[in-house]
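Right, one structure below, let's go through it.
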Number of protein chains: 2
Amino acid sequence: MNEHPKSGQPVEIEGVVAQGKLQRLLDVLPEDLRSEMMPLWQSIRFSPGDVLIEDGEVADRIGFVTDGFLAMSKTLQDRHRHIIGLITPSDMFGRAFNGPSGYRIEALSDGAVLTCDRQKFEAIIARSHEAERLFLLSILDELDAAREWVMVLGSSKVVERLASLLIILSRHKYRTLEGTAHAPIQLNLHIHIKRVDIAHLLGTSPESLSRAFHQLERTGAIRIVTPYDVELANLERLIEISGNSLEMRDE
Amino acid sequence: MNEHPKSGQPVEIEGVVAQGKLQRLLDVLPEDLRSEMMPLWQSIRFSPGDVLIEDGEVADRIGFVTDGFLAMSKTLQDRHRHIIGLITPSDMFGRAFNGPSGYRIEALSDGAVLTCDRQKFEAIIARSHEAERLFLLSILDELDAAREWVMVLGSSKVVERLASLLIILSRHKYRTLEGTAHAPIQLNLHIHIKRVDIAHLLGTSPESLSRAFHQLERTGAIRIVTPYDVELANLERLIEISGNSLEMRDE
DNA sequence: CGGTCGGTTGAGAAGTTTCAACGCCTGTGG
DNA sequence: CCACAGGCGTTGAAACTTCTCAACCGACCG
């Protein structure tokens, strides 16, 4: 274990490297708080279907995704399932500073999280003004993401929503895309999420989703290598189909 | 009306009484900061179509709605307009602690806001740990609201989305509904928002929206007194139609 | 080899969009 | 004071998209 991780130096926990938001958070913590927090972290692997936090439960842990996809989901009385949002690597989950979870946190793919006792996490963050500010900013990012998602779901056609999703996922993967949108690059997305789950995320059925995928392929926007491996053959066209609702902004 | 944790003294600015979140924020501020902030507030009236903050603009003011409805909206290149969210009385707008606005803030009805210079607001909030914490909590609330809205837009049928909207609006208006959902109460909603705007909010067309309204009326869930004045005749049925996706939780 | 899971495809039913037209109300100018 | 235009909600009808149910297929597994 690293004794004195200086700012910018990768922090490693149980063989897993903390990235993105967690890394930045740790960078900002004063030395004493950081060394207090470090031993609290624990790496946990998950597989599709695992439930990390149940709907309505008061979570006793928070966590950061280091690999794979989690989802916030909700199953209604009529057995209808909605996926409210994806939680992708670097994102946090677990409602720090807040009440019970309004939805289930479940795994959509294989992956791993770094988790920490919620109350201890909160207590340490609250002792650093800088860390609390950083935390606030990350919530504001989440808010933006949620609102962007509202935009996406606002479009009535499934192809549009799917195109938007693919763009968003590609943005997550390659955070340095700005300006290159018009270059004839080819991006590969390996998304190990089942069609049903993507369908529930987009508010549609697996059948319609399948047709949308193949429609995108017919128009040349993407190439379906395997159901989990899509090549963004023509990003410009994909953006056009998505309705131009998304900026290719960086984080 | 809510209980005020500390001072409990309603604050009045230019004849407008600060409610909800703003009141609570002021209550939490230490005396010196509060008297510093008070003179910064200014009440402004708005009418439908007024643009308070333009898409992409770095807002120099933040504000709290005291009456009427604002919307976060975005107009795409293909002239398609989305409304991402409503901003209702007590809500804040204006991206404190954050970059440029990702959408336009426009008025959907007549109403009023209390506004304040953004930088000064931030500076004062940042000097009170309690206020900053409260601010963080209100962002978390917004996040919940945005995600609830994602749920709503996830349902494929327009009637369901409309039913959900009506329930949410009624919850905003009568914050003390829990437990009474089964009582045969009649709620009246006076919403001076044009059908086109509601349609854009629900991601549909005015025509479909109109049909949805009348379908709700036919099934006895609501009664349309005037297009802007709806009576929730059968809340239970409305909830059922909405797909039970919403809890009648309090704020 | 048979079963299950997940993706795809087909076909008819259901819901939505789109375009066009109508009616009501309001405000304006003759 | 009336006529008329424009805004807004509503209604109708046809084109389109999506949903639903059913069947099929390939991969994987016991």
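This is a predicted model, so every value here is computed, not measured. These values consider heavy atoms only, across backbone and side chains, with no hydrogens, waters or symmetry-generated copies.
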Review point. Tell me: CG of L209(B) to P of dT17(C), nearest whole Å?
Key: 10 Å
Revision key, fill the gap. The side-chain contact (heavy atoms from CB on, under 4.5 Å) partners of N98(A) (sequence neighbours excluded) come to R95(A), L140(B), D144(B)
Point to revise | For D229(B), all residues meeting side-chain contact (heavy atoms from CB on, under 4.5 Å), sequence neighbours excluded | key: N188(B), H190(B), V225(B), T226(B)
Hey, what are the protein-to-nucleotides 11-15 of chain C N/O distances that come in under 3.5 Å?
residue	atom	partner	partner atom	Å
dA11(C)	N6	R211(A)	NH2	3.1

Exercise for review: With sequence neighbours left out, write down each residue that passes ring pair (Phe, Tyr, Trp, His ring centres under 6.0 Å) with F69(B), or none if nothing qualifies.
Suggested key: none
Check your understanding: Does the S210(B) side chain pair with the main chain of P206(B), one donor and one acceptor, at a distance under 3.5 Å?
Key -> no
**Study point:** Contacts of R195(A) that satisfy salt bridge (Lys or Arg N to Asp or Glu O under 4.0 Å) - sequence neighbours left out
**Key:** none
Please write out the pairs of protein N or O atoms and N or O atoms of nucleotides 22-28 of chain C separated by less than 3.5 Å, giving the distance to one decimal.
none

Review point. Can you tell me if S242(A) uses its side chain to pair, donor with acceptor, with the backbone of A163(A) under 3.5 Å?
Key: no
**Study point:** N/O (side chain, Y228(B)) to phosphate O (OP1/OP2, dG9(D)) under 4.0 Å
**Key:** yes
Revision key, fill the gap. Between CD of Q215(B) and C1' of dT16(C) the distance, given in whole Å, is 12 Å
**Study point:** Qualifying residues under ring pair (Phe, Tyr, Trp, His ring centres under 6.0 Å), relative to H214(A), sequence neighbours excluded
**Key:** none
Exercise for review: Look up atom OH in Y228(A) and atom CG in L189(A), then write down how far apart they are to the nearest 0.5 Å.
Suggested key: 15.0 Å
Check your understanding: Which residues satisfy the salt bridge (Lys or Arg N to Asp or Glu O under 4.0 Å) test with E54(B), sequence neighbours excluded?
Key -> R104(B)
Review point. Got a donor-acceptor contact below 3.5 angstrom from the T204(A) side chain to the A199(A) backbone?
Key: no
Exercise for review: Without swapping roles, check the side chain of R161(B) against the backbone of S155(B) for a donor-acceptor pair under 3.5 Å.
Suggested key: yes
Protein-nucleic acid N or O pairs under 3.5 Å, nucleotides 24-30 of chain D:
none

**Study point:** With S208(B) via side chain to side chain donor-acceptor pair (under 3.5 Å) - residues at least two apart
**Key:** S205(B)
Exercise for review: Can you tell me the distance, in whole Å, between the CZ atom of R161(B) and the C1' atom of dT17(C)?
Suggested key: 12 Å
Practice item. Rounded to the nearest angstrom, tell me the gap between atom CD in E207(B) and atom P in dA15(D). Key: 17 Å
Exercise for review: Send over the distance from E160(B) CD to dC19(D) C1', rounded to a whole Å.
Suggested key: 12 Å
Point to revise | Within residues 188-206 of chain B, residues whose heavy atoms come under 4.0 Å of DNA chain D | key: K194(B), R195(B), V196(B)
Check your understanding: Going by the salt bridge (Lys or Arg N to Asp or Glu O under 4.0 Å) test, which pairs reach into residues 204-225 of chain B, not counting sequence neighbours?
Key -> R223(B)-E231(B)
Exercise for review: Report yes if at least one side-chain N or O of S208(A) is closer than 4.0 Å to OP1 or OP2 of dT18(D); otherwise report no.
Suggested key: no
